[in-house]
Amino acid sequence: MWFLFLVTICVLSCEGRPRDVKCNVTLVTRNEWHARPTRYTEHMNTPVGIVFIHHTAMAECNDQHSCTVEMQEIQNFHMDNRSWDDIGYNFLIGGDGRVYEGRGWDRVGAHTRGWNDVAVAFSVMGDYSHKLPNSAALTAVHNIINCGILKGKITPDYKMYGHRDAGTTECPGQQLYDLIRTWPHFDPNKPVRPTLAN
């Protein structure tokens, strides 16, 4: 009995996090949305202390089929029109309340110029300049961020910004931006890029 207790303590404390964290997220993997292969992968050190919120400023989707089609459209636009190696965001959120895997936790993204290697980005599918995402999507945003904390991919004291806080853009749309400014981790100050350890 004591041996089992000590092994449990070691799994939690020796590695810092449990190996298989169960998150309150319905994740649609790259295989499930039929992602194209990436052209190049660059590893990102985690945990990160910065989270950026985006909107795609493209079509909304409200079920897994339409969100899968939209994921493919976004990836094609990023790879074919912008000549990026893959879809730019780490994760995307659909109006169906599902989280769609983009580059994932451990890959450098192409979402926020100058910040891609020190931050993760969550993008809500749709345009939120004049309206808010639905409650299923907003709940999923909170849940995937909490999942990142539980998995040791995001620091518990992370700072949140809208994409516009680090560039000249309207992203994530005025309505969504106004909302995230009320969230606990939102930082009203200009983001400061952390120094990367060697």
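Predicted model, so just to flag it, every value in this text is computed and none were measured.
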Say you draw a straight line from [atom1] of [X] to [atom2] of [Y]; how long is it, rounded to the nearest 0.5 Å?
| X | Y | atom1 | atom2 | answer |
| --- | --- | --- | --- | --- |
| Asn90 | Lys153 | CG | NZ | 11.5 Å |
| Glu70 | Thr68 | CD | OG1 | 10.5 Å |
| His65 | Asp63 | NE2 | CG | 7.0 Å |
| Ile53 | Tyr128 | CD1 | OH | 13.0 Å |
| Gln175 | Asp127 | CD | CG | 10.5 Å |

Using the ring centroid of each side chain, check whether His163 and Phe52 are separated by less than 6.0 Å.
no

Phe91 and Trp105 aromatic centres sub-6.0 Å
yes

Is there a donor-acceptor contact under 3.5 Å from the side chain of [X] to the main chain of [Y]?
| X | Y | answer |
| --- | --- | --- |
| Asn76 | Gln72 | yes |
| Asn134 | Gly95 | yes |
| Arg36 | Gln75 | no |
| Asn81 | His78 | no |
| Gln174 | Ser129 | no |
| Thr139 | Ala136 | no |
| Asn116 | His111 | yes |
| Arg164 | Glu170 | yes |

[X]: side chain to side chain donor-acceptor pair (under 3.5 Å) partners, not counting sequence neighbours:
| X | value |
| --- | --- |
| Tyr89 | none |
| Thr155 | Asp157 |
| Asn143 | none |

Could you tell me whether His130 atom NE2 has more than 12 heavy atoms of other residues or ligands within 6.0 Å of it?
no

Are [Y] and [X] linked, directly or through intermediate hydrophobic residues, by side-chain heavy-atom contacts shorter than 4.5 Å (ILVMFWY only)?
| X | Y | result |
| --- | --- | --- |
| Val120 | Trp84 | no |
| Val99 | Trp33 | no |
| Val28 | Met58 | yes |
| Ile145 | Leu92 | no |
| Met125 | Val141 | no |

Let's go through Asp106 and Met44 carefully: what are the C-alpha distance in whole Å and the side-chain angles of both, what is the deciding distance for side-chain contact (heavy atoms from CB on, under 4.5 Å) to 0.1 Å, and is it a yes or a no?
CA-CA 5 Å; Asp106 299 311; Met44 180 170 65; 5.7 Å; no

Residue pairs, two or more places apart or on separate chains, that pass disulfide bond (SG atoms under 2.5 Å apart) and touch residues 56-106:
Cys61-Cys67

Going by the disulfide bond (SG atoms under 2.5 Å apart) test, which pairs reach into residues 100-190, not counting sequence neighbours?
Cys23-Cys147

Show your working on side-chain contact (heavy atoms from CB on, under 4.5 Å) between Ile154 and Val51 and close with a plain yes or no.
CA-CA 8 Å; Ile154 299 173; Val51 166; 4.0 Å; yes

With no hydrogens and no angle check, just 3.5 Å: does a side-chain donor-acceptor pair link Thr38 and Arg107?
yes

I want to check something: taking the side chain as every heavy atom from C-beta on, are Asp85 and Met79 in contact at a cut-off of under 4.5 Å?
no

Using the rule given for side-chain contact (heavy atoms from CB on, under 4.5 Å), can you reason through Phe77 versus Ile74, listing the C-alpha separation, both sets of side-chain angles and the distance that settles it, and then say yes or no?
CA-CA 5 Å; Phe77 175 67; Ile74 295 165; 5.7 Å; no

By the rule that ILVMFWY residues connect when side-chain heavy atoms come within less than 4.5 angstrom, directly or transitively, which residues belong alongside Tyr40?
none

Working for side-chain contact (heavy atoms from CB on, under 4.5 Å), residues Arg103 and Asp86:
CA-CA 8 Å; Arg103 296 201 185 197; Asp86 202 342; 3.9 Å; yes

Is any side-chain N of the basic residue among Asp187 and Lys159 closer than 4.0 Å to the acidic one's carboxylate O?
yes

Check the pair Thr112 / His54 against side chain to side chain donor-acceptor pair (under 3.5 Å), numbers first and verdict last.
CA-CA 9 Å; Thr112 313; His54 293 246; 3.1 Å; yes

